[in-house]
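The figures that follow rest on heavy atoms only: side chains count, while hydrogens, waters and symmetry mates do not. Throughout, residue positions are numbered sequentially from 1 according to the sequence presented. Since the model is a prediction, treat every value here as computed from it, not as a measurement.
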Amino acid sequence: MRGLPLTTWDKARFDAVAAGLQDRFGIPTGWLYEVNTYNVADVAAATAGTVAVVFGWNRADTEAFAAVAASCGVSAAAAANPLGMMVAIVALARSFHKARSDGDYSGLADGGFRGAVGSAATIAAVGAVGVVGGSAGAALLVGITAGMLAHKATAAISITDVGSFVVDSAAAVAKDADHRLLQWRNGS
């Protein structure tokens, strides 16, 4: 599917950049083309993200806004949607600003985690239905269900609490290991 370019390139310059990306990073030329163009599906997805951002701009807490930012970002990255990525960057900047003004970054981390997991679950479910040959309606239903289940499953998880637990546990294990090493060196 051909889309409209975000920027115009002369053929020689595009081919040179594409060859460099292919040689250095293994990025196919088609990917560069996809990231540099947009189509109706990209505009529709970016519009949905924009609506979510606009309606939550003033009243959303940091966590909810970070969830929107992460969800838009994961979806835009999976679809190589440059317009959606711009919406995700604006939403991420807004959620970071809210977190900084509140002085609490845990909502940013938790919301980002929940939004990313929900979006990834939806994309994976839709992809699985597509692989088995399901209809678009079945893919939509399964994708929405997977996203809702992921949202419900992650509602009680705080990624900041998980991180604190891991850090505290690692510190306790390291302290215990130091203590045991000291005992071993002293011949106890």
Side-chain angles (χ1 to χ4, degrees), residues 1 3-9 17 21 25 27 30-127 139-168:
M1 180 182 316
L4 298 172
L6 287 176
T7 62
T8 55
W9 302 51
V17 170
L21 290 173
F25 305 109
I27 297 173
W31 287 13
L32 177 62
Y33 177 79
E34 177 64 29
V35 167
N36 188 50
T37 61
Y38 64 95
N39 55 31
V40 173
D42 293 339
V43 172
T47 301
T50 301
V51 168
V53 167
V54 167
F55 282 122
W57 191 265
N58 288 327
R59 67 178 186 271
D61 62 349
T62 301
E63 187 172 327
F65 217 77
V68 169
S71 182
C72 287
V74 168
S75 298
N81 181 349
L83 301 175
M85 193 55 72
M86 288 179 211
V87 172
I89 290 169
V90 169
L92 181 61
R94 173 67 172 160
S95 60
F96 181 78
H97 174 57
K98 287 179 80 59
R100 187 173 67 179
S101 66
D102 294 345
D104 181 20
Y105 293 94
S106 62
L108 178 68
D110 290 342
F113 167 72
R114 288 187 184 99
V117 168
S119 188
T122 300
I123 292 168
V126 168
L140 180 63
L141 181 62
V142 170
I144 289 171
T145 303
M148 289 172 56
L149 289 173
H151 177 73
K152 188 76 167 168
T154 60
I157 298 173
S158 171
I159 197 70
T160 54
D161 289 346
V162 170
S164 295
F165 172 77
V166 169
V167 168
D168 292 345

### Query
Could you walk me through whether Thr62 and Asp104 pass the side-chain contact (heavy atoms from CB on, under 4.5 Å) check?
CA-CA 9 Å; Thr62 301; Asp104 181 20; over 6 Å; no
### Query
Do you know the tightest heavy-atom contact between Ala146 and Ala121?
CB-O, 3.7 Å
### Task
Could you note down all residue pairs passing salt bridge (charged side-chain N to carboxylate O under 4.0 Å, His left out) where residues 141-167 supplies at least one of them, sequence neighbours left out?
none
### Query
What is the minimum heavy-atom distance between Ala45 and Asn81, and which atoms define it?
CB-ND2, 3.7 Å
### Message
Looking at every non-hydrogen atom in both residues, tell me the closest pair between Ala120 and Val74 and how far apart they are.
### Response
N-CG1, 4.1 Å
### Which atom of Gly84 lies closest to which atom of Ala76, heavy atoms considered
C-CB, 3.5 Å
### Summary
salt bridge (charged side-chain N to carboxylate O under 4.0 Å, His left out) pairs touching residues 105-124, sequence neighbours excluded, are Glu63-Arg114
### Query
What's the spacing between Leu149 CG and Ile144 CD1 if we round to 0.5 Å?
12.0 Å
### Task
Start with the C-alpha gap between Leu92 and Ser95, add the side-chain angles, then the distance that decides, and say whether side-chain contact (heavy atoms from CB on, under 4.5 Å) holds.
CA-CA 5 Å; Leu92 181 61; Ser95 60; 3.9 Å; yes
### Sequence neighbours excluded, every pair satisfying salt bridge (charged side-chain N to carboxylate O under 4.0 Å, His left out) that has a member inside residues 48-58
none
### Task
Under the side-chain contact (heavy atoms from CB on, under 4.5 Å) rule, what do Leu108 and Phe65 come out as? Steps first, then yes or no, please.
CA-CA 8 Å; Leu108 178 68; Phe65 217 77; over 6 Å; no
### Task
Kindly give the heavy-atom pair with the smallest separation between Ala78 and Ile123, and that separation in Å.
CB-CD1, 3.8 Å
### Message
Quick check for you: to the nearest 0.5 Å, what is the distance between His151 atom NE2 and Ser119 atom OG?
### Response
13.5 Å
### Task
Return the minimal non-hydrogen interatomic distance between Ala88 and Ala69, and the atom names on each side.
CB-O, 3.8 Å
